[in-house]
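Written below as structure tokens is the structure these notes are about.
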Amino acid sequence: MKRETDAPRFTLNAQLPSGTAYNRALFMDTTTISHIGEKAGGSATVQGWLYNRRSSGKIQFLIVRDGTGYLQAVVPRADVPAEVWEAAERASQECSLRVTGTVREEKRAPGGYEMSAQSVEILGPSEGYPITPKEHGVDFLMNLRHLWMRSSQQHAVLRVRSEIEQAIRDFFYRREFTLIDSPILTGSAVEGTSTLFETDYFGDKAYLSQSGQLYLEPAAAAFGKVYCFGPTFRAEKSKTRRHLTEFWMIEPEVAFLRFEGLVELAEDLIVTVMGRVLERCQEDLKRLERDTKKLEAIQKPFPRITYREAVQKLAALGFSVKFGDDLGADEETALAKDLDRPLVVSRFPAAIKSFYMQPDPEDPEVVLGLDMLAPEGYGEIIGGSERIYDLALLEKRIEEHELPRDAYEWYLDVRRFGTFPHSGFGMGLERFVAWACGIHHLREAIPYPRTLKRIYP
RNA sequence: UCCUCAGUAGCUCAAUGGCAGAGCACCCGGCUGUUAACCGGGGGGUUGUAGGUUCAAAUCCUACCUGAGGAGCCA
């Protein structure tokens, strides 16, 4: 079955204007390694950093990386001037360098092409590079995150992340959503202040946003289909591999969309973006040793279970859960176990969910909310709901949750002036990236992770 | 906040009460097809901090610091 992936049809370099200074510098005088095949049989110059060097007395192999790929340059002592041989000998791990030579296909070389070097020029030396080609501990590597991202697996993860972000934007653009950037500095909390980072705002308190949702609901009334995609901050003292204090969240909000449509939108997003990763990131997934069969299995429809059904199933499995209890990590794992695609859990008791969730008209004890649990233990990647659109009910819920009414007046205006049913969800970018890449910990799914114990570098 | 585990060379680790060691990295030498190359040599230590037990502590005890994994909470 052919997937819809939203991948653009053009290739990147074809769109670049010719004759600009940066174009000459980047694409004419030198060749990016990802395009080295186009130079096979001729001469080329690459510039980048030394990934590794091996020597065997009278021959040296320089592995050069430039961010787009890896190229092995061969320096045979007999074939090059003495100063070129010596420059190659001086080249140390991660020094920057420029290498010119003839390019040819070579099966023995990583990448399939190899350069016979005619000149080697060291641009910037690198002495005592701390990350050696052996094992290191996580704390050590995270202290060197600015350098660690040069390493092949970290580099691959961040390339996949970039592709995922682009795929998400393409997904919503193609469906005629309007991008609405929600504020990062906010004056009021969505729910309580215990998980908010507080900052001084000219003598008043301000908080770093933990969700763009409240700002998107009014925008849905202005534009119909909207989404935001930005950083989100949670001051939760979570100390697990599934949590960051700063992470990126994608939040669509759609006017007149009911709950069933919301679940389909969430499914479509997951399937489309995962398809795009499979189509465009094969090389990176291979470097990450990701089992792509697991990703190919991510197809519609996803299995669904209501909270009530989940409680029954868990009780049958021996868990002591009853209606009204929150599902913990063990319970979620038990439900998602043995599934090859995400599980949609829906219709939770109102008491354990957010104040703005719409009650199910057929079962008023529960609300039209959904959690999507990724397979392979990656946990909740999406949480969303249909929103309450009745003013009186929303006012009642704000009171029940003991929220400061004044701070929500502007939000209530959405219900005062032409209220409408609407739905939305939030997807955690890093959880999706970690899942796609098959990496163990969220901190490797973001360039500079912020966790309970880390704000450096 | 709670529970569990760990801090020894730049890095990864060994030494379990008796002389502080190995591999990698770095420096020197060797090798014309290496794939985390390999072979030989060299320099490199306040054993997280403070106190205690002991003839003797990396090792046992106490406190603290730092980190990791998990719970809760969530994306």
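The chains referred to below are lettered A, B, ... by the order of the sequence lines, with proteins before strands, and numbering in each begins at 1.
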note: A:E251, atom CD; B:C74, atom C1'; distance rounded to Å ~ 13 Å

A:N143 atom CG is separated from B:G7 atom C1', nearest whole Å, by 14 Å

If pairing means Watson-Crick or G-U wobble with both distances under 3.5 Å, then the partner of B:G72 is none

*Please measure how far the C1' atom in B:C28 lies from the corresponding atom in B:G43, and state the result in whole Å.*
11 Å

Scanning all shown strands, the Watson-Crick or wobble mate of B:G44 with both distances under 3.5 Å is none

Exercise. Inspect the contact between A:R454 and A:D139 and indicate whether a charged nitrogen and a carboxylate oxygen are less than 4.0 angstrom apart.
Key: yes

note: A:L327, atom CG; B:A75, atom C1'; distance rounded to Å ~ 16 Å

* Quick one: are the ring centres of A:Y307 and A:F323 less than 6.0 Å apart? -> yes

Practice task
Have a look at A:S55 and say if it touches a base, only the backbone sugar-phosphate, or nothing, with a 4.0 Å heavy-atom cut-off.
Solution key: base

Establish, for the pair A:R304 and A:F302, whether the NZ or CZ atom is under 6.0 angstrom from the six-membered ring centre and no further than 45 degrees off its axis.
-> no

A:E399 CD: over 12 foreign heavy atoms closer than 6.0 Å:
no

To the nearest angstrom, the CZ-P distance between A:F432 and B:A75 comes to 17 Å

Looking across every strand, which nucleic acid part, if any, lies under 4.0 Å from A:N52 by heavy atom: base, sugar-phosphate, or nothing?
sugar-phosphate

- Task: Check every strand shown and say whether A:K237 touches a base, only sugar-phosphate, or nothing at a heavy-atom separation below 4.0 Å.
- Result: base

Using the six-membered base ring of B:G33, report whether A:F61 stacks on it, requiring centroids under 5.5 Å and planes under 30° apart. no

